[in-house]
Amino acid sequence: MSLNDRYALPTALEAARLHAVDQLFQLDTEPEDRFARVTSMARCALDVPMAAVSLLAEDRQWFKQCDGMTLGGFVPRDQTVCQATVARFYRGDLDPLHIIEDTWQSEFSELPAVQGEGGIRFYAGYPLVGPGGHAVGTFCVYDTRPRSLDAAQRRTLLELARWAERELQNSDDLDRAAAVQRQLLPAPLTDLAGYSVSGLCVPAFAVGGDFYDHYPVSGGAVFTIADVMGKGLAAAILTATVRSALRGASRAIDWTGGGDVDIADAVNSVAVQLADDLDSTESFVTLMHLRLRAADGALDYVDAGHGFAVHIGADRQARPLHSRGLPLGVSPEETWSSVRLMLAPGDTVVIASDGLLDLVGDGTDMRPALEFLAGHSDPTELCATLRAMTGDRPCLDDVTLVAIRREASG
């Protein structure tokens, strides 16, 4: 019986396991320092020349990180010891570590990686658990000479393997959160006659604390840009909460208010709704919430500590709209009021997160950003330029922006 047949899993179980591998979105991605730190420490702590983090795909073992070996990124699955390590996980072996002290005296002695001078003589592998509790790959150390591990070394290997496992699981969580966050961005607003609107959101990390939103309401549209304090999953969770609350409050006010709608009512309502959550998480939210009346260009807005919004007039001068209120979550007694700006034909309003200041300047001086926006008043062209810039170099902070232009008549 071949090794493949000996360590094959039932068809349905293998299909579920392969689906879990796919859910990680890690196959064929670039190496990352977070995995290299684990393999480097393993080589040092256990005095082994080789260590690896790998995923077991349908027909190959693919290495996310491989130190001390030149393998071209993968080996055929039927030529691996790790297929046995994964199978042992499903067979309920009490010891999760799969240790072979001398591979030449094992069933794996004929594998290409084992044979010959410099081949793998010692193997120790641990099954890495991913989505759904499935063994998606292995953390392994290798040596070119037979050897054993004492109790302390076994504990060290287990700790390092679980570290690698946590990194894989974090990849899964972040990728899922990033996908959801992208899906929550609004579809292009293409049916607002006489206006062009464009937006972008580029997180500095996998997920971010910024968001923008826009959607049609009677007689016009509502726009939001917000920045939740912090980065990562915690900020992303609060971001989704703020977005949902603002959408609900704004639409409720629009439905019940008829033609007499004050956008500040939505912000004040949401501040009350989220007060306990923001207090318990010690967070705050800067935001700008706007409602456009399309017929005459009346743009009512509430600035809750956002601090970076720009009006670009027909003279191509970029004038900042100064902040007029505290962020949500700073003071429970704070209330917000709206301010009206009239957009003339040819005018543009840009609302951006402070990540724009880092992208086009030194992060503190607003003047480079004002000059940049003055030269890019067309929303579509502005967002295309910023996307190209964020692709050329990593962002120091989330870059989020909405641009609204009232087209010139005639």
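In this text the structure is predicted, and so the values were computed from the model without any measurement.
When only modelled atom types and interatomic distance are considered, H311 and D347 share a side-chain donor-acceptor pair under 3.5 Å. For the residue pair E381 and T385, a side-chain donor N or O sits within less than 3.5 Å of a side-chain acceptor on the partner. Side-chain atoms of T224 and H214 include no donor-acceptor pair closer than 3.5 Å. Side-chain N/O atoms of S106 and Y123 include no donor and acceptor closer than 3.5 Å. Side-chain contact, Q115 with E110: a donor N or O sits under 3.5 Å from an acceptor N or O. Between the side chains of K64 and S54, no donor N or O sits under 3.5 Å from an acceptor N or O. If you check the side chains of D378 and S196, you find no donor sitting under 3.5 Å from an acceptor.
Listed for the Y212 side chain is no donor-acceptor partner under 3.5 Å among the backbone atoms of C201. Judged purely by atom type and a 3.5 angstrom limit, Q153 uses its side chain to pair as donor or acceptor with the backbone of D150. Remark: side-chain polar atoms of N268 are paired, donor with acceptor, to backbone N or O of W336 under 3.5 angstrom. Between the side chain of W163 and the main chain of L158, no donor-acceptor pair closer than 3.5 Å is present. At least one donor-acceptor pair under 3.5 Å links the side chain of R77 to the backbone N or O of A57.
In this structure, the side chains of E58 and V21 stay at 4.5 Å or more apart for every pair of heavy atoms. Residues I351 and L401 have side chains not in contact (no heavy-atom distance under 4.5 Å, counting atoms from C-beta outward). Side-chain contact check for R17 versus V86: some heavy-atom pair is nearer than 4.5 Å. F211 has its side chain out of reach of I225: every pair of non-hydrogen atoms, C-beta onward, lies at least 4.5 Å apart. Contact annotation: the side chain of T138 approaches that of Q61 to within less than 4.5 Å [non-hydrogen atoms, C-beta and beyond]. Side-chain contact check for L373 versus L356: some heavy-atom pair is nearer than 4.5 Å. Side-chain contact between T29 and W62 is present, with at least one heavy-atom pair separated by less than 4.5 Å.
Classification of R291 and D262 as a salt-bridged pair fails, no side-chain N sitting under 4.0 Å from a carboxylate O. Using a 4.0 Å cut-off between a side-chain N of Lys or Arg and a carboxylate O of Asp or Glu, R145 and E117 do not qualify as a salt bridge. For E165 and R162, the salt-bridge test fails: no basic side-chain N is under 4.0 Å from an acidic carboxylate O. A salt bridge links R121 and D102; the closest N-O separation between the charged side-chain nitrogens and carboxylate oxygens is under 4.0 Å. At a threshold of 4.0 Å, the pair D28-R60 counts as salt-bridged, since one of the basic side-chain nitrogens sits closer than that to a carboxylate oxygen.
For R91, the salt bridge (Lys or Arg N to Asp or Glu O under 4.0 Å) criterion is met by no residue, not counting sequence neighbours.
With values rounded to the nearest 0.5 angstrom, T85 atom OG1 is found 12.5 Å from F139 atom CZ.
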Can you give each donor-acceptor pair under 3.5 Å made by side-chain atoms of residues 36-52, sequence neighbours left out, with the distance rounded to 0.1 Å?
unit_1	atom_1	unit_2	atom_2	d
T39	OG1	F35	O	3.4
T39	OG1	A36	O	3.1
T39	OG1	D67	OD2	2.6
R43	NE	P49	O	3.1
R43	NH2	P49	O	3.1

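Across every non-hydrogen atom of A318 and L370, the tightest pair is CB-O, 3.5 Å. Contact between P186 and R247 at its shortest, heavy atoms only, is CB-NH2, 4.4 Å.
Relative to the six-membered ring of Y7, R88 misses at least one condition, a distance below 6.0 Å or an angle of at most 45° to the axis.
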